[in-house]
Enquirer: 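Just passing along the structure, written as structure tokens.
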Amino acid sequence: MVAFNVPFLTGTEPACMEQAIQRRNLSGEGHYTKRCQTQLTELTNSPSALLTPSCTHALELVALLLDLEPGDEVIMPSFTFVSTANAFVLRGAVPVFVDIRPDTMNIDEQLIEAAITKRTRAIVVMHYAGVACEMDAIMATARRHQLIVVEDAAQCIGAHYRGRHLGSIGHFGTFSFHSTKNIHCGEGGALLINEPDFVKRAEIIREKGTNRKQFLRGEVDRYSWVHLGSSILPGELNAAFLWAQLTQLDAITAQRRRLWQDYYEGFATSEGEWELPTVPETARHNGHLFYLKCRDGVERQALIQHLKRAGIQSTFHYVPLHTAPAGQRYGRFVGPDRYTTHESARLLRLPLYPELTAVPQIIQQVQQFTRHYEGAQR
Ligand SMILES: *Cc1c(COP(=O)(O)O)cnc(C)c1O
């Protein structure tokens with residue numbers, strides 16, 4: 001059986017976790033949390049990184065920081081994970097969905113301006129598969145309208161746009177360290193704050209709305225409740241596990257990119273007319289995931305079944321949020337849906353993780369499917 005995902009282990013996780021236990025401080029903002037945060041600021045060139053229990057929590061922290069009011073609007077793609085929208089809906093804001101580009105599956109930067117109204121507060125972009133959105137155009141639009149830009153960079157550790165790490169370009173960037181991502185700690189995440197003005201308030205919100213962190217630094221003589229807040233800190237055991245992974249990031253990214261390239265070249269030179277992912281020249285991806293596009297959803301379902309019979313797990317990705325019950329209740333789609341529904345219905349993800357050895361067999365099985373399916377259907 002070829003699994004769809006196998007979470008990677010470097011082998012040093014238990015030693016790091018043992019170290020954390022020996023320190024007898026397993027709550028938030030401890031030794032490993034600080035090491036991970038420093039490493040993330042160095043990696044991304046962002047002034048501030050805060051570990052969070054998940055990317056979902058990082059997005060919720062952003063929504064709290066923006067002091068959104070009911071009816072405020074947040075522009076985003078519909079082809080994304082639910083947390084991109086949920087975080088803002090929790091504050092009473094309305095997700096305004098715009099169409100994606102068919103080549104990268106990312107938000108179409110040309111369509112954002114037409115979706116802006118008096119109520120628009122932020123643009124949330126999601127870099128699908130670790131392939132960058134057109135950030136220059138997006139930042140220019142945001143500047144013209146004085147909007148905040150949030151990068152949902154959940155899939156983007158080790159990925160860049162014009163040499164800049166994803167998540168460090170907008171006002172905020174969020175990472176996921178869920179076990180399905182390139183590096184992980186089971187459940188985990190981080191928030192990059194690229195506007196220093198927001199850092200103090202983020203520290204307060206994350207510490208239950210108190211200025212405890214200023215107190216610990218000796219800046220105030222006691223701490224108290226000063227803002228709306230929550231507990232958005234991971235414990236040290238998770239941070240220690242993540243540290244073990246972070247130290248191996250370059251090797252993990254390189255291995256994933258090699259496998260991605262094996263798929264790409266294998267399909268590019270094989271018979272059949274599979275549409276392959278596009279990576280613009282401005283983007284350097286991190287081998288987060290590999291996908292093919294089938295002709296339609298029917299062909300995709302048949303291919304999933306064919307691969308399953310051959311012992312290979314494959315899966316599709318997001319059901320567009322504006323077609324889901326909660327998306328219809330809380331959000332709205334602006335402009336025509338030329339690509340979101342059509343392209344997402346035919347996208348098929350193939351297994352990709354550092355220990356994968358079956359790329360040649362997977363390509364072979366897809367080719368075999370092409371021969372049979374084409375004989376029957378075309
Ligand atoms: C994985 C993912 C998330 C959620 O990450 P969690 O850490 O599980 O909360 C959010 N957005 C995108 C685009 C993702 O891929």
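Here the structure is a predicted model, which means the values were calculated and not measured. Indexing begins at 1, ligand by ligand and atom by atom, following the structure's order.
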Enquirer: Is Ser176 in polar range of ligand 1, meaning some N or O pair under 3.5 Å apart?
Expert: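 Between Ser176 and ligand 1, an N or O pair is found under 3.5 Å apart.
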Enquirer: Quick one: ring-ring contact (aromatic ring centres under 6.0 Å, His included) partners of His317, sequence neighbours excluded?
Expert: Tyr128
Enquirer: Any idea which protein heavy atom is nearest atom 11 (N) of ligand 1, and the distance to it?
Expert: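 Of every protein heavy atom, Asp152 OD2, 2.9 Å lies nearest to atom 11 (N) of ligand 1.
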Enquirer: With His285, which residues qualify under ring-ring contact (aromatic ring centres under 6.0 Å, His included), at least two apart?
Expert: Trp260
Enquirer: Just wondering, do Leu50 and Gln37 contact through their side chains at under 4.5 Å, heavy atoms?
Expert: yes
Enquirer: Any non-hydrogen side-chain atom of Tyr339 less than 4.5 Å from a side-chain atom of Asp108?
Expert: no
Enquirer: By number and element, which atoms of ligand 1 are closer than 4.0 Å to a non-hydrogen atom of Gln155?
Expert: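 Ligand 1 atoms under the 4.0 Å threshold to Gln155: 13 (C), 15 (O).
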Enquirer: Contact between Gln248 and Gln255 at the side-chain level, heavy atoms closer than 4.5 Å - yes or no?
Expert: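 SC-SC contact between Gln248 and Gln255 ruled out.
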Enquirer: What atoms in ligand 1 come closer than 4.0 Å to a heavy atom of Met126?
Expert: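 Close to Met126: 13 (C).
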Enquirer: Is Thr80 close to ligand 1, meaning an N/O of one under 3.5 Å from an N/O of the other?
Expert: no
Enquirer: Can you sort out which atoms of ligand 1 are near Lys181, meaning under 4.0 Å from one of its heavy atoms?
Expert: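 Result: 1 (C), 2 (C), 14 (C), 15 (O).
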Enquirer: Any N or O of His178 that comes nearer than 3.5 Å to an N or O of ligand 1?
Expert: no
Enquirer: Please state which protein non-hydrogen atom is closest to atom 9 (O) of ligand 1 and give its distance, to 0.1 Å?
Expert: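 Looking only at protein heavy atoms, the one closest to atom 9 (O) of ligand 1 is Thr56 OG1, 2.5 Å.
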Enquirer: Using a strict 4.0 Å cut-off to heavy atoms of Ala154, name the atoms of ligand 1 that fall inside it.
Expert: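 Selected atoms, number and element: 2 (C), 3 (C), 10 (C), 11 (N), 12 (C), 13 (C), 14 (C), 15 (O).
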Enquirer: Quick check: do Lys181 and Gln155 have side-chain heavy atoms less than 4.5 Å from each other?
Expert: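 The answer is yes, as the side chains (C-beta and beyond) meet within the 4.5 Å cut-off.
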Enquirer: Could you give me the CA-CA distance, side-chain angles and deciding distance for Glu29 and Lys34, then say whether side chain to side chain contact (heavy atoms under 4.5 Å, CB included) is met?
Expert: CA-CA 6 Å; Glu29 279 292 318; Lys34 286 183 183 141; 3.9 Å; yes
Enquirer: Have a look at Phe175, Tyr318, Phe81, Tyr128 and point out the one with the heavy atom closest to atom 4 (C) of ligand 1.
Expert: Phe81
Enquirer: What atoms of ligand 1 come closer than 4.0 angstrom to any heavy atom of Cys55?
Expert: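 With Cys55 as reference, the close atoms of ligand 1 come out as 4 (C), 5 (O), 6 (P), 7 (O), 9 (O), 10 (C).
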Enquirer: Could you list which atoms of ligand 1 come closer than 4.0 Å to a heavy atom of Gly188?
Expert: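 Near Gly188, meaning under 4.0 Å from one of its heavy atoms, ligand 1 has 7 (O).
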Enquirer: Run the ring pair (Phe, Tyr, Trp, His ring centres under 6.0 Å) check on His165 and Phe175 step by step: do they pass?
Expert: CA-CA 12 Å; His165 200 290; Phe175 293 126; 5.7 Å; yes
